[in-house]
Amino acid sequence: MSKVRIYTLAKELGLENPKMLEILDGLGVSYKSVSSTIEEDTVELIRQIVDEENAAGGGTSAQSSAPITQSDEAAAAPSAPASQGTQSAAAGGQTATQTRQETAAASEVPHRAPVVTIMGHVDHGKTSLLDYIRKTRVAAKEAGGITQHVGAFEAQTSKGKIVFIDTPGHEAFTTIRARGANVADIAIIVIAADDSLMPQTREAIAHAQAAKVPMIIAINKMDLPQANPDKVKTDLTQLNLVPEEYGGDLIVVPVSAKTGEGVEDLLEYISLNAELEDLRADPKGKFAGVIIEGKVDKQAGVLATVMVQEGTLHVGDFLVVGENYGKIKAMTDSAGARIKEAGPSTPVQILGFSEVPTSGEKVSSAKNEHAAREVIAGRASDRRDAENAQVQRKLTLEEMMGP
Ligand code: GDP
Ligand code: MG
């Protein structure tokens, strides 16, 4: 046996990746990502640790450890009177443990699906790759469902849902970012294997770096005879982006949007990365979202695609975008099915705004129509104040300069 990838070992031992990294940290082993390889003797050591932990009580969580810990804690707790007998101390210990468990459960914010954006040079295969994923990973729509382009879709994988923003190119990313919103968790940079790095590839990389969004490189068109993935990797190294196999931490996945080769691996890497990022959002929290796309439909009227980031949207909710508000009359998911509510990392198309919102605008909710109007009135007055201040400044400057 030789070197083993961290996530492979984690899978084999039935551990979550973060837990595996915790063990490695504990051992002082350095790694770059879950796909880094570790030495044979470290692998042995980890196997032993996991075996011992399993033998010690079958759990990796602190709560399931021996009862001694509980009474120790009760004794150490300042509220436990010193005169208490062994029995009541044990009982006190139990209560403390229970409280701790309840607190942990209450504060546990659930995981959410990763939101992925695909960028790269024109003709390198962004649309083809998205089409392949959509064709193979999105459940077929019910007959009669209207196929609407909403700017995002949800792909089902063996590791759970992945949300793709399919408003192609950098525009989506940059207009959204220009408004101060960050909607993507991971950026896939598509590079054609027969063309290597091109101006828009460098631009895309720069955008992802500026937004501090983790990147995964997909070397596309691997089916072509002239495909040269090594050149792509060498060119990346010149940008200080060092692929894993060259000792760096950049994940590079060879794929073909034509044959589907490597797409499964790509999805797997996205899920692994999401797990590492530990993405969470509270479906019960205050709603927050971002406009992905807004448009006018001849029949339906104004349609807006909103990415739910926190909280849950319901039909009937009042939403505020900039200085406009709307009441959700109807909501559909990205596959076109009518839905009544939508939680974090869900792209939804909403009917109910009177003005077309712009991509990247932040969306919040209001208790009722009155509250929505108040928020808007506040924003309008802030804006007027800012405008007046600017006019004043200009006047003063003109006065100073004289006639
Ligand atoms: P985009 O501009 O990045 O969205 O690129 P497209 O998806 O429109 O692809 C540009 C061209 O490359 C089209 O003619 C595609 O058929 C072709 N193409 C995309 N992916 C592949 C691939 O994996 N293999 C081959 N042979 N052709 C591809
Ligand atoms: Mg395209």
Side-chain angles (χ1 to χ4, degrees), residues 114-138 147-155 157 162-178 183-211 213-236 239 241 243 250-270 292-295 305 307 334-335 347 359-360:
V115 179
V116 177
T117 181
I118 296 199
M119 298 192 284
H121 195 71
V122 64
D123 283 349
H124 279 197
K126 300 177 291 293
T127 305
S128 306
L129 192 57
L130 283 166
D131 282 348
Y132 184 88
I133 296 169
R134 196 194 330 252
K135 261 201 315 250
T136 52
R137 295 292 172 163
V138 177
T147 316
Q148 281 262 12
H149 180 250
V150 304
F153 67 90
E154 297 172 63
T157 79
I162 299 175
V163 183
F164 286 91
I165 297 190
D166 73 347
T167 308
H170 314 167
E171 313 94 67
F173 196 70
T174 43
T175 47
I176 288 173
R177 281 244 313 140
V183 82
D185 302 304
I186 298 167
I188 306 295
I189 311 289
V190 176
I191 307 176
D194 61 337
D195 212 15
S196 198
L197 271 71
M198 286 289 135
Q200 286 166 35
T201 317
R202 292 176 220 276
E203 238 177 78
I205 290 171
H207 285 315
Q209 285 174 330
V213 173
M215 270 183 282
I216 294 178
I217 307 289
I219 303 187
N220 190 34
K221 308 199 186 186
M222 285 299 290
D223 59 286
L224 293 175
Q226 65 271 36
N228 189 350
D230 289 337
K231 170 156 173 40
V232 178
K233 287 176 204 164
T234 313
D235 288 352
L236 282 166
L239 290 181
L241 293 169
L250 183 69
I251 301 202
V252 177
V253 193
V255 301
S256 165
K258 192 175 176 188
T259 66
E261 168 198 343
V263 175
E264 187 66 43
D265 294 337
L266 181 63
L267 297 174
E268 181 123 338
Y269 275 112
I270 295 171
I292 301 290
E293 239 182 52
K295 63 183 169 195
T305 303
M307 180 71 72
S334 57
S359 38

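First listed ligand is number 1; within each ligand, the first listed atom is number 1.
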Please identify which atoms of ligand 1 are closer than 4.0 Å to at least one heavy atom of [X].
X      : value
Ser256 : 23 (O)
Ser128 : 6 (P), 7 (O), 9 (O), 15 (C), 19 (C), 20 (N)
Asp123 : 1 (P), 2 (O), 3 (O), 5 (O), 10 (C), 12 (O)

Item to complete: May I ask you to decide if His121's main-chain N or O and Lys126's side chain share a donor-acceptor pair within less than 3.5 Å?
Response: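 Side chain of Lys126 to backbone of His121: a pair is present.
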
Discussion item. Using modelled atom types and a 3.5 Å cut-off, is there a donor and acceptor pairing between side-chain atoms of Asp166 and backbone atoms of Ala152?
Written reply: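 Indeed, once roles are kept as given, a pair shorter than 3.5 Å links the two residues.
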
Item to complete: Measure the distances from the heavy atoms of His121 to every atom of ligand 1 and state whether one is below 4.0 angstrom.
Response: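 So His121 counts as touching ligand 1.
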
Item to complete: Report the residues that fulfil ring pair (Phe, Tyr, Trp, His ring centres under 6.0 Å) with Phe153, sequence neighbours left out, ordered by chain and then residue number.
Response: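 With sequence neighbours excluded, Phe153 shows a ring pair (Phe, Tyr, Trp, His ring centres under 6.0 Å) to Phe164, given in chain and number order.
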
Hey, is [X] touching ligand 1 through its side chain, its backbone, both or neither, going by heavy atoms under 4.0 Å?
X      : answer
Lys258 : both
Asp223 : side chain
Asn220 : side chain

Worksheet item: Looking only at heavy atoms, which two atoms of His124 and Val190 are closest? And how far apart?
Response: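 Looking at all heavy atoms of both residues, the shortest contact is O-CG1, 3.4 Å.
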
Worksheet item: Taking all atoms of both residues into account, what is the closest heavy-atom pair of Ile219 and Pro229, and its distance?
Response: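 Looks like CD1-O, 3.9 Å.
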
Discussion item. I want to know if ligand 1 touches Leu224 in the polar sense, i.e. an N/O pair below 3.5 angstrom.
Written reply: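 Not met; the criterion fails.
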
Discussion item. I want to know if ligand 1 touches Ala257 in the polar sense, i.e. an N/O pair below 3.5 angstrom.
Written reply: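 Yes, Ala257 has an N/O under 3.5 Å of an N/O on ligand 1.
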
Discussion item. Considering only residues two or more places apart or on different chains, which pairs with a residue in residues 218-229 satisfy side chain to side chain donor-acceptor pair (under 3.5 Å)?
Written reply: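 As it turns out, the side chain to side chain donor-acceptor pair (under 3.5 Å) pairs with a partner in residues 218-229, which skip direct neighbours, are Asp223-Ser256.
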
Fill in: Salt bridge flag under 4.0 Å for residues Asp235 and Lys231
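Salt bridge between Asp235 and Lys231, a charged N being under 4.0 Å from a carboxylate O: yes.
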
Practice prompt. Could you tell me whether the Mg ion (ligand 2) has an N, O or S atom of Thr127 under 2.8 Å away?
Written response: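 Yes - counting backbone and side chain alike, Thr127 has an N, O or S atom under 2.8 Å.
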
